[in-house]
Amino acid sequence: MNVRRRSSAAALAAIAVIGAAAAPAVAADPSPSSSPSRTAPSGLYGTADPQYDGVWRQSLALLAQDTAGVVPSSTAVKWLTDQQCANGAFAPFRADPAAACDAKTPIDTNNTAAAVQALWAVGGHGDVVESALGWLKSVQNDDGGWGYSPGTPSDANSTSVVVGALTATETDPEKVVKDGKSPYDALLTFALPCAKDKGAGAFAFQPDKDGKLLPNADATAAGVLGALGEGLVAEAADKADAASCTDADKPTREGAAANAAAYLTATLAKDGHLVSALGGSADQPDYGNTADAVVALAAQGGADKAAGPLAWLEKNAAKWAAESGPAAYAQLIFAAHATGTDPRDFGGTDLVEKLNATGPAPQGVAAKDTASANADEKSDEKDDDSPFGVWWFVGVCLVFGIGIGFLLSNRNKKQQP
């Protein structure tokens, strides 16, 4: 499970022993529509129409909760598992999960890979994860990558989110090959050389109709994480050289990630955030992709490399997240986690509380996020008599955890897309 917890790790370990017991590439912004056309189903996070992003936002919400040390609602987890088709794939939303999927069901790689990352993190759903991984492998393209829908040309975003699902489940992407090509081979075909006047080092979404690679900030952030073998939730690198674009005859995936990070750094330097143009209107701040860029920069070069856009998000993103819903809160939690920032005090906003309020109440708190845990460690050093230490959390978790099953973290769910 791709989760980092320090002082509360003992609590999780104890619970496991004692208790009885994750935007798709086709969308510029995976946040839910502000104009719902139907009532959101019970168990789903967010109230907007889930037709195009139900599984995506649910997966991100559950993954963000797990990352922040929250035990998600069993109802919310069941909502997600019920969305899976018999062949292992997920569509953005199935209004009647009891009805069998057919040729018209819009299954895709992005929602499937996001669901895999979320369900692996929360644990206990090895059969669902195994089936989803099998489907992802079955629709791998000959170039080693994936497109959004089965049979469509590979793109950087889809390939990267599937790589994240593979590595999250401890599956080596280099060993998931088609015609001798791995996902990393596919990703490198989308990387622009440093010699380009514009877009040096960036990733393209996919070649245009003339076969040219055009820089795409969204694809670049995804490409950095994919090339590094990271998922939606990523750790900050311990250290790295200053991001600079350096050509090589055959760039390594780490080299391509460094080149892409240099592109993001240069692009963010102007305004402190990425921008998106909407239908011919003036450029608008792109909060979601800026959050993704923060995760990518931290994963490639350390938290300090993402300090500028992180500060901008802390100052400006609260209103966007409130309007956009669970996926937006999740993206900000991922950015906070990657930089060691407290998601419960993100520019004065408790992102975890806000996310939890968009859906079923969580079962409890399994562990605190890293920033809060570090604060507790310092407090415990000063006052060993504090009643709010690690074992207090064990007690809380046991109260909420009775009957929910073991939080499985070993490999009984294994083998991924």
Side-chain angles (χ1 to χ4, degrees), residues 23-30 52-53 55-56 59-60 89-92 106-117 132 135-167 173-174 176-179 181-193 196 199 201-232 251 253 256-257 259-261 263-264 267 274 276 286 288-289 292-293 295-296 327 331 416-417:
V26 293
D29 184 348
Y52 300 110
D53 82 326
V55 165
W56 181 262
S59 298
L60 266 63
F90 285 78
I107 55 178
D108 68 82
T109 62
N110 287 224
N111 284 289
T112 302
V116 163
Q117 293 183 57
W135 180 81
L136 284 168
K137 292 177 181 178
S138 75
V139 297
Q140 185 177 19
N141 289 332
D142 291 344
D143 63 2
W146 285 267
Y148 181 80
S149 300
T152 59
S154 298
D155 65 74
N157 295 58
S158 299
T159 300
S160 294
V161 74
V162 174
V163 166
L166 293 173
T167 57
E174 291 185 336
V176 179
V177 298
K178 182 75 175 290
D179 286 356
K181 300 290 183 64
S182 78
Y184 294 137
D185 293 319
L187 271 179
L188 291 178
T189 67
F190 304 120
L192 277 72
K196 286 280 186 182
F203 278 87
F205 176 72
Q206 59 187 186
D208 68 9
K209 62 180 181 180
D210 297 321
K212 296 180 180 179
L213 297 176
L214 301 177
N216 181 297
D218 181 19
T220 300
V224 169
L225 293 174
L228 293 174
E230 296 283 359
L232 294 167
R253 57 188 181 89
N259 292 348
Y263 169 82
L264 288 175
T267 303
L274 298 177
S276 62
D286 191 329
N289 283 334
D292 293 344
V295 177
Q331 286 178 282
Q416 242 257 326

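On a predicted model such as this, the values are computed, not experimentally measured, just so you know. In this chain, numbering begins with 1 at the start of the sequence shown.
Here the shortest heavy-atom pairing between Ala222 and Ser160 reads O-OG, 3.0 Å. Here the closest heavy-atom approach between residue Tyr184 and residue Pro173 is recorded as OH-CG, 3.4 Å. Closest of all the heavy-atom pairs between Ala165 and Ala113 is CB-O, 3.6 Å. Shortest non-hydrogen contact noted between Val163 and Gly226 is CG1-O, 3.5 Å. Of all heavy-atom pairs between Pro92 and Tyr148, the closest is CG-OH, 4.0 Å. For the residue pair Ala221 and Ala296, the shortest heavy atom distance occurs at O-CB, 3.6 Å.
Judged by distance alone, the side chain of Asp210 and the main-chain N or O of Lys212 form no donor-acceptor pair under 3.5 Å. In this structure a side-chain-to-backbone donor-acceptor pair under 3.5 Å is present from Asp155 to Asn157. At distances below 3.5 Å, not a single donor-acceptor pair connects side-chain atoms of Asn141 with backbone N or O atoms of Gly144. In terms of modelled atom types and a separation under 3.5 Å, the side chain of Ser276 and the main chain of Asp286 share no donor-acceptor contact. The main-chain N or O of Ser59 is never found under 3.5 Å from a side-chain atom of Gln117 such that the two would form a donor-acceptor pair. Formation of a donor-acceptor pair under 3.5 Å by the Thr109 side chain with backbone atoms of Gly147 is found in this model.
Atom CD of Gln140 and atom NZ of Lys137 lie 9.5 Å apart (nearest 0.5 Å). Atoms CG and CG, from Asp208 and Leu214 in turn, are 5.0 Å apart once rounded to the nearest 0.5 Å. Interatomic distance, CG of Asn216 versus CZ of Phe203, reported as 11.5 Å (0.5 Å rounding). With values rounded to the nearest 0.5 angstrom, Thr220 atom OG1 is found 8.0 Å from Leu192 atom CG.
Each of Asp108, Asn110, Val55 was checked for a side-chain contact (heavy atoms from CB on, under 4.5 Å) with Phe90, and the lone residue meeting it is Val55.
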Show, in sequence, the C-alpha distance, side-chain angles and deciding distance for Gln331 and Asp292, and conclude whether the side chain to side chain contact (heavy atoms under 4.5 Å, CB included) test is met.
CA-CA 7 Å; Gln331 286 178 282; Asp292 293 344; 3.2 Å; yes

Could you walk me through whether Ser154 and Thr159 pass the side chain to side chain contact (heavy atoms under 4.5 Å, CB included) check?
CA-CA 7 Å; Ser154 298; Thr159 300; 4.2 Å; yes

For Val295 and Leu225: C-alpha separation, side-chain torsions, deciding distance, then whether side chain to side chain contact (heavy atoms under 4.5 Å, CB included) applies.
CA-CA 8 Å; Val295 177; Leu225 293 174; 4.0 Å; yes

Show your reasoning for whether side chain to side chain contact (heavy atoms under 4.5 Å, CB included) applies to Leu187 and Arg253.
CA-CA 8 Å; Leu187 271 179; Arg253 57 188 181 89; over 6 Å; no

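The side chain to side chain donor-acceptor pair (under 3.5 Å) check on Ser182 picks up Asp185, with sequence neighbours excluded.
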